[in-house]
Each structure stands twice: as C-alpha cells, then as structure tokens.
Amino acid sequence: METLGHLAHGFSVAFTPVNLLWCLLGTTLGTAIGVLPGLGPALTIALLLPITYQVAPEASFILFAGIYYGAMYGGSTTSILLNTPGESATIVTALEGNKMARSGRGGAALATSAIGSFVAGTIGTLGVAFLAPVVVKFALAFGPAEYFSLMVLAFITVSAVLGSSSVRGLTSLFAGFVIGMIGVDLQTGQPRFTFGMTELLDGVDVIIAAVGLFAVGETLYMASRRYAGKDEIVPLKGSLYMTAAEWGRSWKPWLRGAAIGFPIGAMPAGGAEIPTFLSYAIEKKLSKHKEEFGTVGAIEGVAGPEAANNASAAGVLVPMLTLGLPTSATAAIMLSAFQSYGINPGPLLLTTQGDLVWGLIASLFIANVILVILNLPLIGLWVRLLKIPAPQLYAGILVFATVGTYGISQSPVDLVILYLLGGAGFLMRRFDFPTAPVIIGMILGPLAETQFRRAMTISNGDWSVFYKHPLSLTLLTLAFIGLVGPHIWAYVEHRRRRGPEHVPGDA
C-alpha cells in the first residue's frame, strides 16, 4: 500500500502539463532515433545533457526516459522491415521479423512488436515500482563466477538455435570473440589486435558491427539476389494488424519475454542482449510452428524477444536508481545527468528524491501508452517502406548506415570497418553462417573474459570456484545440457525410428 501511495504521488508529478509535454517529446524523438541505424538513446541523451542546466530534474529525466523507451520501440521497425537493427538489443527481432516482412506479414510483425513492447514495458515498470528491492537482492547474489557461467549459458543457447548447425553458430560466435578483443585490455592496459592503429584502441563499436553485418551485408546480399532475378520481397498480404490466430500465438511469448527480460536487465552487467537471445531460444523450443523459424518467419520469434527487450529496459533502471550502478550505455549517461544535479543514486534515493524517482516511474507508464498510440497507427506508413523501388531502398540503407556510422566518432576508420564487416556479412549470408552470434560474441565475450579473470583472481587460480558455488554450477549444468542434449535426443530418436532389429549385437 505504501508503494501505491508513492506511485499515486508520482502520477501527480508526471501528469502536470509541462511534464506530459516532455514525455511526448521524448517518446517521439526516441522512436525516430531508434529507426535510424547507428544512432541510439545513449548518443541522443548525451547530446541533450546541456538541458540539465536549464530544466528541472523531473522534466529532464522524464524526457530521457521517454527517449530510452521510444528507441526500444523504434529500433524494431527497421529491424523488421529492412533487417537493419537500430540498436544491438533489436538484433534478434530482425531474425524472424524480417522473414515475416519478406513473406508479406510485415504489418503483423510490427503489431506484435508494438503491443508486446507495451505489455512487457508495463510489466517491467510495475517491477521497478514493486520488485526493485527483491530483484536487487537476487542480483547481488551473482559474483564473477556466476556471471561467467550465465554468459556461457547464453553462448551455448545462442549458438545452438541460430543457423543451420551448432558448429556454424559457434564459428560465428568465435569470430565475435576475436572482434570483441580488439582494443586495450582493461585489466593490463595492453593493446590487443590493434596493429599499431590508435583508432582501434577503443575497440570496434558494437553498433558499427551490427550495422555492417546486418544493414550493409543484407543490402549487398539482396542486391546480388535481385541481379540474379531472385527478389525475395513479397507484397503485403491481408491485414496490417494481427489475426486472431496471431494474437493467440503472441500473448504467451509476451509474458515469457517480460519474465526473462526484467530480472536479467536488473542484474549488473545484465543488459538487453542476453534476455532477447534467451527468449528467442525458448520460443523456438516451445513453438508448435518450428518450421516457420528461419523460413517464412515465426511471430513468436518477434513477440518474445521484443517483450524481453522492453522489460529489460525497465530492469536496467533498478540497479541505476537503487545502487547507482549503470548496466548500459544509456544508464551511464543518465547517471551523469544525476551528477549534474548533484544527486547521488543509491538506496536512499527513493526517500530523499521521492518526487523525482516516483515521477520518473509514473512517466514510464505514460510513455508506454503514448508509444503504443503513436506506433500502431503508423504501421501502414512503415510497411510502405517495402514498396520503395529496390535500388533506391538499398541505396538509402547504405546512405543512412554510412552517415550514422560516421556520426558516432567522425572517424574514416569506422567507415572502413563498416564496409569490411559488411563484406563479411554478405559472405556469411551467402554461405549460411548466422551473423547474430558475431554480435553476441562481441558484446559478451569481453565481459565473460573479465568475469572469468576476476573469479580466478579471487580464488587464487582455483578452478573449483565455478562448480563449488551452487548458482554457478546450475548455470553451467544447463549450458552443458543445452550443448549435448539436442545431439543425445537426436541419436535416441534415430535409434527409435530404426527399430530394435538394427541394434548392433542383436540377432
């Protein structure tokens, strides 16, 4: 009841005309930013930080939160329609969403994305309000060994469900590891794989890699297919929105995605990538329409990851507000905004800055409503992107990818990397290697390395630290089952189909 009272007070702060205007501005701007590849909420909020000197803290954080949520919505639009993720967290959405768009079901994919984002965002925001202390306590149970084991589970899960074989998935994952290791080793300060180039000391930006592998690589691949007379884009079929059957297939993935995304997003170093990939893996395993995955596109593969993405976006706010720990680039920028106002996030923030915190949480509910109202009517407009003549469409994607990439750091080296990775993405697409594990390897590889080295340092080189901790052992066991389980199951099914007369040793 105390939380409900605080939330009611938060709505009284958020519903003032000025704060509603800031929320509308943030959600609209965030949606536009999410649509543009290469840009993102962190960059946008960083550019807007000077307003903290002119605007009340409640207004500026409502604006920033609207941009953050809006970018989660907008990033799915180009992922689905153009296979061009605007954010690393929307990479998984492109896997099935783009297949649906190319088979004429882009409207349904956008609809399940928007509604799933609303449902999961609302559940995640309720989690911020009611479950923050519980989730933080659970997150604090994760030490370096547990984080490393969680990432191993993510690696195995991702590689097992993406691509035509787990070997190809692991190969792509290893390539991502290598790219992720480029730059300065944060523990020793030594440069790795930089080849003497100072521009590579900061490593390869994940957004550049995602745009190169997906946007540029996909554009080159589709252009080559068109030249061969194999244009794969199919005109829109039927309604712009979901049918009753698609509703029935979407609501459970929405709830499962929210249940996965929020707690992992609330963990320090959790982020949005792990829950979206885990959600995709779970939906692929549970779906009754497995034949649609990777072919015509399965709506569960859009609904679950999009829900996980938006729930984790809410979860990221939990450690930032209650512990002062930013677990994403956007959260880090927002933390610097707190410092601009002389406010220190931590356990006492909920009591010392009640108007700010509860007004911010209430504004997230309002932002979710505004975003679903904004996005559902625009589905018809977004789907028209597929009607643009192919040469102009491909050229436009390359222009936006180039401008967005150059805008990140104004470095020509980034453009070279963009097109090198674009060429690699084209070859991977051509020879059926999944590109998504490359990104997950880039993101989680360095984190896994850091957590592994920390665990070994704390244990004085004792490997048993990974199986003496019950939580770590459980996660590693699940990873082992995920790696060998499908092969054992396939072998048992194969022997069962052959029958006992073919068992060696029988008469």
Side-chain angles (χ1 to χ4, degrees), residues 25-50 67-68 70-91 93-94 97-98 101 179 182 197-200 202-224 226 329-330 333 378 381-382 384-426 429 435 438-439 442-443:
L25 176 63
T27 51
T28 306
L29 182 60
T31 302
I33 290 300
V35 167
L36 297 174
L39 302 178
L43 175 61
T44 309
I45 293 173
L47 293 174
L48 292 174
L49 277 179
I67 292 171
Y68 185 34
M72 297 297 108
Y73 274 71
S76 64
T77 301
T78 48
S79 291
I80 289 170
L81 297 180
L82 305 176
N83 202 26
T84 306
E87 274 285 299
S88 60
T90 60
I91 289 168
T93 306
N98 188 248
I179 299 172
I182 295 173
M197 299 175 63
T198 56
E199 292 86 354
L200 292 179
D202 289 333
V204 176
D205 192 285
V206 174
I207 296 300
I208 295 173
V211 172
L213 289 169
F214 284 86
V216 179
E218 180 72 12
T219 298
L220 295 176
Y221 179 75
M222 290 306 300
S224 69
R226 181 178 175 81
T330 307
I333 301 297
L378 290 176
L381 174 64
W382 294 129
R384 290 184 183 179
L385 286 173
L386 295 177
K387 295 183 179 180
I388 299 173
Q392 287 88 330
L393 179 62
Y394 300 148
I397 294 172
L398 291 179
V399 168
F400 275 114
T402 303
V403 172
T405 298
Y406 189 74
I408 293 175
S409 61
Q410 291 81 47
S411 171
V413 174
D414 285 348
L415 295 180
V416 174
I417 294 172
L418 173 74
Y419 282 95
L420 284 175
L421 290 175
F426 165 74
R429 186 86 157 82
T435 50
V438 178
I439 304 299
M442 278 188 66
I443 294 168

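Numbers here simply count residues along the sequence, with the first being 1. Here the structure is a predicted model, which means the values were calculated and not measured.
Inter-residue side-chain proximity for T31 and T77 is flagged as unmet; no heavy-atom pair is nearer than 4.5 Å.
Of the options L418, L213, L415, a side chain to side chain contact (heavy atoms under 4.5 Å, CB included) to I208 is made by L418 and by none of the others.
If you take CG on L220 and OH on Y419, they are separated by 8.5 Å, rounding to the nearest 0.5 Å. With values rounded to the nearest 0.5 angstrom, T93 atom OG1 is found 6.5 Å from I80 atom CD1. Note that CD1 of I182 is 7.5 Å distant from CE of M442, once rounded to the nearest 0.5 Å.
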Evaluate T27 against I67 for side-chain contact (heavy atoms from CB on, under 4.5 Å), listing each step before the verdict.
CA-CA 5 Å; T27 51; I67 292 171; over 6 Å; no

For V204 and D414, what are the C-alpha separation, side-chain angles and deciding distance, and is it a side-chain contact (heavy atoms from CB on, under 4.5 Å)?
CA-CA 8 Å; V204 176; D414 285 348; over 6 Å; no

